[in-house]
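What follows is a single structure, written as structure tokens, with notes after it.
Only this structure's heavy atoms are used, side chains among them; waters, hydrogens and symmetry mates stay out. Residue numbers start at 1 and run along the sequence shown.
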Amino acid sequence: MKKTILVVEDFTSIRNFLCDTLERAGYATIATSNGNEAFGVLNNETISVDLVLSDYNMPECTGLELLNKIKGQTGTSKIPVIFLTTERDPEKMREAQKAGLAAWVKKPYKADTFFALIENAIVNGQ
């Protein structure tokens with residue numbers, strides 16, 4: 001059974017590219033444009049998500065706010081979250097890791113490293 005990745009990215013072209021890339025690699029994807037929309041998907045009991053791949057800087061609900069919501073709720077706290085972002089602030093990175101982030105991937109990314117981090121997070125449930 002395919003693992004499902006929830007892609008959270010406010011730029012449509014990047015969101016579509018990520019979903020296409022992940023689907024070609026054998027994952028199922030669900031696309032959302034912000035953290036609030038993503039959290040709604042995660043709270044839908046008919047949808048099972050194995051990993052959240054999120055941008056950091058988004059309107060309405062940042063990646064960090066989404067991460068805190070996910071890790072703060074019993075039903076979603078075990079879902080691993082990876083940030084894929086241009087954000088480079090070390091303090092933001094530390095704060096996210098402290099909140100339970102599985103990995104921080106900087107754009108542009110190397111495909112082999114990117115997929116290794118995704119698989120590791122899914123397997124280890126971080």
Side-chain angles (χ1 to χ4, degrees):
M1 184 174 194
K2 286 184 179 184
K3 298 294 183 180
T4 300
I5 298 176
L6 176 59
V7 176
V8 190
E9 170 61 60
D10 55 321
F11 286 100
T12 304
S13 59
I14 296 172
R15 186 172 60 245
N16 291 342
F17 173 78
L18 287 171
C19 288
D20 288 345
T21 301
L22 291 164
E23 288 169 8
R24 280 195 307 268
Y27 297 99
T29 62
I30 300 169
T32 59
S33 61
N34 65 60
N36 291 331
E37 190 178 320
F39 198 62
V41 169
L42 292 171
N43 283 301
N44 182 331
E45 293 179 10
T46 64
I47 299 173
S48 177
V49 172
D50 298 291
L51 180 127
V52 175
L53 179 65
S54 178
D55 190 9
Y56 185 94
N57 295 307
M58 296 178 292
E60 295 182 40
C61 178
T62 68
L64 183 60
E65 291 167 337
L66 174 60
L67 175 64
N68 285 324
K69 287 180 179 184
I70 291 169
K71 297 303 178 182
Q73 183 173 299
T74 306
T76 57
S77 65
K78 300 291 187 206
I79 299 171
V81 178
I82 293 177
F83 285 163
L84 178 62
T85 181
T86 58
E87 181 61 61
R88 302 227 187 294
D89 184 327
E91 182 55 37
K92 290 178 180 177
M93 292 170 82
R94 279 190 292 278
E95 190 175 357
Q97 288 173 335
K98 187 176 179 181
L101 186 70
W104 185 292
V105 181
K106 295 175 186 165
K107 293 176 190 172
Y109 61 89
K110 293 184 179 179
D112 54 344
T113 303
F114 175 66
F115 286 113
L117 288 169
I118 286 173
E119 196 57 34
N120 183 55
I122 289 172
V123 168
N124 295 316
Q126 297 180 351

Q: Test side-chain contact (heavy atoms from CB on, under 4.5 Å) on Lys3 and Ile118 and set out the steps.
A: CA-CA 11 Å; Lys3 298 294 183 180; Ile118 286 173; over 6 Å; no
Q) side-chain contact (heavy atoms from CB on, under 4.5 Å) between Leu84 and Phe114: does it pass, once the steps are laid out? A) CA-CA 9 Å; Leu84 178 62; Phe114 175 66; 4.0 Å; yes
Q: Using the side-chain contact (heavy atoms from CB on, under 4.5 Å) rule, take Leu22 and Leu53 through it: C-alpha gap first, then chi angles, then the decisive distance, then the call.
A: CA-CA 11 Å; Leu22 291 164; Leu53 179 65; 4.0 Å; yes
Q.
For a side-chain contact (heavy atoms from CB on, under 4.5 Å) check, start with the C-alpha distance between Ile14 and Lys107, then their side-chain angles and the critical distance, and finish with the verdict.
A. CA-CA 11 Å; Ile14 296 172; Lys107 293 176 190 172; 4.1 Å; yes
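Interatomic distance, Thr21 OG1 to Asn16 CG, rounded to the nearest 0.5 Å: 10.5 Å. Taking CE of Met58 as the reference point, atom OG1 of Thr85 lies at 9.0 Å (rounded to 0.5 Å). Separation of atoms CG (Leu6) and CG (Leu66) is listed at 7.5 Å; rounding is to 0.5 Å. The CD1 atom of Ile79 sits 5.0 Å away from the CG atom of Leu42 when rounded to the nearest 0.5 Å. The NZ atom of Lys92 sits 14.5 Å away from the CD atom of Gln97 when rounded to the nearest 0.5 Å. The line from OH of Tyr56 to OG1 of Thr62 is 5.5 Å long, rounded to the nearest 0.5 Å.
For Phe39, there are no ring-ring contact (aromatic ring centres under 6.0 Å, His included) partners at least two apart in sequence or on another chain.
Residues Gly63 and Ser54 approach most closely at CA-OG, 3.9 Å, considering heavy atoms. Residue Met93 comes nearest to Lys106 through the heavy atom pair CE-CE, 3.9 Å, listed as atom of the first residue, atom of the second, then distance. Looking at every heavy atom in both residues, Ala99 comes nearest to Asn68 through CB-OD1, 3.4 Å. Annotation for Glu87 and Trp104: closest pair O-NE1, 3.3 Å, computed over non-hydrogen atoms. Here the shortest heavy-atom pairing between Asp10 and Asn57 reads OD1-O, 3.7 Å.
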Using residues 44-51 as the side-chain source, report each donor-acceptor pair under 3.5 Å to any protein atom, sequence neighbours left out, with the distance given to one decimal.
from: Asn44; atom 1: OD1; to: Thr46; atom 2: N; distance (Å): 2.9
from: Asn44; atom 1: OD1; to: Thr46; atom 2: OG1; distance (Å): 2.6
from: Asp50; atom 1: OD2; to: Thr4; atom 2: N; distance (Å): 2.7

Please set out all donor-acceptor pairs under 3.5 angstrom arising from side-chain atoms of residues 24-37, sequence neighbours excluded.
from: Tyr27; atom 1: OH; to: Glu119; atom 2: OE1; distance (Å): 2.7
from: Thr29; atom 1: OG1; to: Glu23; atom 2: OE2; distance (Å): 2.4
from: Thr32; atom 1: OG1; to: Val7; atom 2: O; distance (Å): 3.2
from: Ser33; atom 1: OG; to: Glu37; atom 2: OE1; distance (Å): 2.9
from: Asn34; atom 1: OD1; to: Asn36; atom 2: N; distance (Å): 2.9
from: Asn34; atom 1: OD1; to: Glu37; atom 2: N; distance (Å): 2.8
from: Asn36; atom 1: OD1; to: Lys69; atom 2: NZ; distance (Å): 2.8

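Salt bridge status for Glu91 with Arg94: present, with a side-chain N to carboxylate O gap under 4.0 Å.
For Tyr109, the OH atom counts as densely surrounded, since its 6.0 Å shell holds more than 12 non-hydrogen atoms of other residues, nucleotides or ligands.
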